[in-house]
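Chain letters run A, B, ... following the sequence lines, proteins first, then strands; residues in each count from 1.
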Amino acid sequence: MNAIVALCHFCELHGPRTLFCTEVLHSPLPQGASSGDISGQNEQAEEEEGGIQMSSRIRSHSPAEGASADSSSPGPKKSDMCEGCRSLAGGHPGYVSHDKETSIKYVSHQHPNHPQLFSIVRQACVRSLSCEVCPGREGPIFFGDEQHGFVFSHTFFIKDSLARGFQRWYSIITIMMDRIYLINSWPFLLGKIRGIIDELQGKALKVFEAEQFGCPQRAQRMNTAFTPFLHQRNGNAARSLTSLTNDENLWACLHTSFAWLLKACGSRLTEKLLEGAPTEDTLVQMEKLADLKEESEGWDGSEEEEKPSSQPDVVEGQELSKSSPETSLMPDCNSWNVAHRRLSVFRSLRHMRQVLGASAFRMLAWHVLMGNQVIWKAQDMDLVQSAFDVLRTMLPIGCVRIIPYSDQYEEAYRCNFLGLSPHVQIPPHILSSEFAVLVEVRAATRSSLYPTLFDDEQSLNKYEFVVTSGSPVAADRVGPTILNKIEAALTNQNLSVDVVDQCLVCLKEEWMNKVKVLFKFTKVDSRPKEDTQKLLSILGAAEEDNVKLLKFWMTGLSKTYKSHLMSTVRSPTSSESRN
Amino acid sequence: MAPTLLQKLFNKRGGGAAAPHGRAPGEGPAFSWSSSEFDLNEIRLIVYQDCERRGRQVLFDSKAVRKIDEAVVQKMAEEASVKTSARNCQASNGNNISSHSPSISCMQNIKEQIPKYQYTRPASDVNMLGEMMFGSVAMSYKGSTLKIHYIRSPPQLMMSKVFSARVGSFSGSSNNLQDSFEYINQDSSLGKLSSNQNGLGTCRNGSNLAHSTPVDMPSRGQNEDRDSGIARSASLSSLLVTPFPSPSSSSSSSSSYQRRWLRSQTTSLENGIIPRWSTEEMFSMADESCSSNPAMVRRKKIAISIIFSLPEIEDAQRNFQDFFFSHFPLFESHMNKLKYAIEKAMISCRKIAESSQRVQVYISRVMDALGEFRVTIWNLYSVPRIAEPVWLNMMSSTLEKNQLCQRFLKEFTFLIEQINKNQFFAALLTAVLTYHLAWVPTVMPVDHPPIKAFSEKRTSQSVNMLAKSHPYNPLWAQLGDLYGAIGSPVRLTRTVIVGKRKELVQRLLYVLTYFIRCSELQENQLMWSEKAGEGEQVLNGSKITTALEKGEVEESDYVVVTVKNEPALVPPILPPKNDGSKNNSTVEWLHEPESTQAAPTSSKEKRETIGKDSQTSETSVDCLTSNFCKGAADGRKRTVTDTGIISYHTKESSKLEDVMDVKKNKNHNERKVEKQFSSKSSALPCPERSGHRSSYLEKVTFQIGSSASPESDLEAHRREMEENLNALIKNPEVIYCASSSTNLTVDASQNQEDNCEAAFIPIGKHNVCYAQIPPCEEKESILNQHMESKGTEVNLINSISSELLLPTDNIETVKSTNMKENRTLCSGNLENCSSDCVEADSAVKQDSPNVRPKDVPYGDSGRKTSFRVEGDIPRNESSDSALGASDEEGDCCIPDEVHHDSISKRLEEFTEVELPLPRSNTISSQCVKNFGRSLLGGYCHTYIPDLVLHGINNDEKLKQYLLADLFHAIHHPVLDEPIAEAVCIIADTDKWNVQVATSQRKMMDSVKLGKDVLVSSQVSSLLQSILQLYKLNVPADFCIMHLEDRLQEMYLKSKMLSEYLRGHTRVHVKELGIVLGIESNDLPLLAAIASTHSPYVAQILL
């Protein structure tokens, strides 16, 4: 809790005094604000900053120590302090408790070291003991304002056989800036503080009764009725709370109790706040990471031959040495950025569209979206890699299987993106297939077609791109809805690359949501065809191309999601009829 | 009266959970209290003025105001009769001012009004209340001060605000009003009261003398620097310049997170106080036309107090308090409204020349406002709530989730299909999604995988962590969520459904509780002492154990209910104070059994048991009975000292407890002795720790059957006991006993284990106490000394006390005490030693499990008692398990050697002494006292401004109050932060339109309350596809998953929009439309969503 708890005393000689004060120190940065490693840094940072902060605060002021504090110190001078006004003995450093789980520190001194807090606490103490009126003098009261903070105060008496009226006046105060929280916590604080007070009073009462037993003050006072009272006071008036309660470890005990109070009050209420489910892309990414981890743990080199004999280590700069189709397409955000530094690469879909030309791009994109095999034949591996990096953004991560560069043709079930060196033979049935598209990158002739567009990009000028497929897309064919939208976004130069990226995220999620419904409908519930047709039209995806797209994208659903749907359908509750 | 109301109020939530079928969904049984059930007059208003020159004056006390009924008005002409009736009325005052009709007829035409109210003498407590409101010493602070007092009898809760008055430039302006009061005062009290200073006139009493020395309340702006020695500007500006360290933006629920993080930072105390927004709230007593007189500002204060009489019944009282404290922001907001009305009343009545008229106007205006306040508060209690808010219930109850989904979807699709005339439902949902924005963080995709299923979204871990490391106020956060105040700029939204068809309105309300979202609150109880054992219930922090005990004498059973509270003082785990001791082999057990105050009725059996055990039944019984008498009185005050400290788990039979109790209590009675002992024990290497367990165990015995109360016997026993104790104190021989009985070994006790368990009555208390392993070598030697020589006592104490880290006067007292007392100390110590200290020390170990200490001469009566602690009495169940427990906690409990070796070094470095916190157990339960459950209203009889959502029959009241409420909402935001705009969504199911009224625009015309809502095509397509899916028999939970997915799409589109707006100052809707299907009618919705994650969007679009 963001509060200060203090024990105050109305000293007969010196008036209201702060005796003991427990503060809360939080780490400067929230824990778990981000992923684990960062929180580790936070911790470190906290350690450093906290340490610096602490020590500087301590050295700058120690108002409790009259001797060491200079005259400008807000703390009372030693001469103004009597036993009754003091808690920790001179030179005592105070107490600290660490809450490791939350990295919160609870620190106790007689006064807060921070000058502003010192005056806040002092102010609250004065108000609690000599300004605000509590009916019956003992009891809870709340007061405060925006400038001086808000205070929950509970005043009480402690028995003292030597004090005037045989009792001394104290208060336990809780100071916060958040008045709503403080007021919300009233019932809680009242209960806990009342408990502390009861125990203190109980201790004191025993001492009191023992003292009365040994030497009844009342009788003595009656006898010495004419002696000036003050005289006696000078001798004994200022008794410490430690002696009044006969508890050597009272301050340690109060520190622990106050710290506990702060901790308990701070965690009294917690929220259950829901956040959205991760996107499919996130899930797939997670799963792949998990697989990869498992793989690297479970497999060693000897089993390498069992893995697809694709080209490992083909791509330079790729971290993954084992580039199975799965692993090589690990989302690597950096590769995108890295691409910027290279010259002969595609930087974005829009860039690619400009390079290839609208119709060639449309054909290529079509095949990509539908899950057909996209084969790039080129000398330049970086170029191929960049092409795949750009193209894959059109697909959900789960639908992307890349073999970035290979010396032989790989079957479509193994990869939908295949990079080949120029001399590799592609089987003729693939070349004539409508389920594959080939992009051949050739050296451009001098009469390059792109004279003006790429002034700054000489590197791409040296290439010529030929996109071919077994069944070229008819120009009048409507195509999947998403393709048209992507094209529209790419065409509109008003939209920045970032907007287009965000666009793709939206479109993909939108269509993945349709995929989810379709999956549920067809694979989980096995609904009849007519229903499926209805469903598709509800989803706005009844057209042939859209259906094809949905079916392909269904392969990209995360295992987590699929298994979840499968398991819920088996649970008896979901099969209940709704009426 | 009031209790019934409050009880019902809180009971109904529990009861509403079992929602009846066949009723309109989501709403609990409709509650209607006749106004007689709640005495609105129990809410009292006092206005006080404190002026330096004139002292304190009551400007208004609702208790002194009487409504004059028609008959009396007739008689007004006859002066005398009026006066008598006035006095007669006074007795029955406070019955019915405005309970039936809050709207006391408006004073439209003042001059024609016959006086309706009579102002009589204020109640006698008004002076005291004034004292509480202003404090005994005046403050020089200018701003407003908030106070809450609790008055014990009669139980009342008083909430006050003290303002500096802004007075007109003409001096003495308040005289007019004052004169008026004096006038009416004289008039009504027929001269008798005219001289009475307790009337409305100045009340001067002794305490007012304190005015001469106002306490200096340095305002931080001016002289704070002088005060603290540090420049505020420095510390503050640094804070302001460096923005708060912002948590990683990767956090998905960033807006929720950010908001909470900021709250914890702005209310932080760590670096001093951060200046927050503050309206220099004053009480204005003059027209705006009058220039204010700054000189007067400091001198005059106005205090407004509202006093709630609490029901006498404890439960009801607690319920009200819970409601009050958890809903305080709302109470405060209404108080501000009331204050505003009082200001206006004061100003306006001044313009009236005639004195009696003036008073009438003033009083009736204030009474009107008070009536409104009372009714509002009453409404806040009594309106029906939605018993099953869909979102909250889905979040909390996992069992019924499927039924919940089905039920919700059924209602949802019904509405989509049936009432989407003119796109009504789509419009309503568009508006709700646009303004109640708290749904957005619940669909923001996270970047980590879900733990559980999909339909169960996961709770935000980052927010959870934040709550731990930087606690903020979850109630406040929840309130903000509900009002949708999470965007930028901050807008506060409420939704009202108007319609004659109750059932339809209720359906709408029910469905909307899915979209108006907030966090669910959990109440956590932190326990440090122990876990709740099996068979123990935890109820309000008290553990309750029940056991059936057989009565031996009477043929009846007793149900023994043990209520156990955790002690409030947490024993510190102190670092050992002597260095260099190696304690590799020994663990000292300090075993302090719980003692119980057995209730008298069950005593006989106990006596028997103890008698058998100790073979000296008389003494035991004496002790025991004495305990009975003292128990209640001493229970809480007892301090039992025990020395060492290690965590242990133990189960003890109640038998043991009783025996121990005897000992404790005896020890306890010897206060002198114990005092000595505690001094001594603190001097031991393992420092004193207060044992509390005994104190907090209260045994309540419900007797089934009957038995004569042995009270008279007890009294006799007690006296006898005391005599014995006195004798004991005088007997130095006891020391011998002390030394011999300390020689208990763990072995011995372990050997008893089997016996113990056999004898164990499973009341089952588990104790965990936290401690350290004390260095034992020294202890051993002490004990050895102890045994060998009685004469070493004083020296021992002296030598040990000199070792203390922090010597205090207390020690000196010990030193000076005489030898004899030290001996008796030892004897008093006996019980503690024998029962508490089980030495695992080989040096003291004894082989025989049946070692018995010598019988001890016990006083001069010749009785003997043997403290057979080691014999039949069960010890800790297993020291192994206790050891195990200590291992578990070793990291936090046992300080490593290095640590305490370096204590002295650390001291020099001025580093705080580290004290570990005890380990905590958290007991969580769902919290019902929260806004999520109380501000989602049902179909109400009238318009209520506080509710986030509710339905009403017609918009009459709404039209009357809405605009004022909206303005009030931005001027006195309940959220404790600036609000840019207050909004109310009004859906009229009779006219089929949805409008949004806002504080920023004036009402368009008399017919329309606000602007019509543009239906977002995103929303309508969403509705259609959900309906179609439902019709295709897609399971309900999947439909809801899809719904969430679609909402997530909206969020993603808003991301795109915000990205788009980064580079554009204008939106080309067409561009967006082609690409993403965003249409112009979607823009308000998407922009509002975007404002939760990208604040700049607002600057462009809104």
Determine, for B:Arg1046 against A:Glu510, whether the closest basic-nitrogen to carboxylate-oxygen distance falls under 4.0 angstrom.
-> no
For chain B, find which of A:Met512, A:Arg268, A:Glu509 contributes the most heavy-atom pairs closer than 4.5 angstrom.
-> A:Arg268
Would A:Glu271 and B:Tyr472 count as having a side-chain donor-acceptor pair, cut-off 3.5 Å?
-> yes
Note: vs chain B, highest number of non-hydrogen pairs under 4.5 angstrom among A:Glu287, A:Arg527, A:Lys534, A:Met1 is A:Arg527
Please check if any side-chain donor atom of A:Ser267 sits under 3.5 Å from a side-chain acceptor atom of B:Asn524, or the reverse.
-> no
Which of these, B:Arg152, B:Glu131, B:His149, sits in a side-chain contact (heavy atoms from CB on, under 4.5 Å) with A:Pro135?
-> B:His149
Less than 4.5 Å apart, any side-chain heavy atom of A:Cys506 and any of B:Lys1053?
-> yes
In terms of heavy-atom pairs under 4.5 Å with chain B, the winner among A:Leu200, A:Val24, A:Asp99 is A:Val24
Any donor-acceptor N/O pair, A:Thr102 side chain to B:His470 backbone, under 3.5 Å | no
Is A:Asn184 reaching over with its side chain to a backbone N or O of B:Asn473, donor-acceptor style, under 3.5 angstrom?
-> no
Salt bridge between A:Lys516 and B:Asp1045, side-chain N to carboxylate O under 4.0 Å?
-> yes
Any side-chain donor near an acceptor of the partner, A:His109 and B:Glu912, under 3.5 Å = yes
Run the side-chain contact (heavy atoms from CB on, under 4.5 Å) check on B:Leu521 and A:Thr270 step by step: do they pass?
-> CA-CA 6 Å; B:Leu521 290 195; A:Thr270 48; over 6 Å; no
Would a distance-only check, ignoring hydrogens and angles, find a side-chain to backbone donor-acceptor pair under 3.5 Å from B:Thr145 to A:Gly144?
-> no
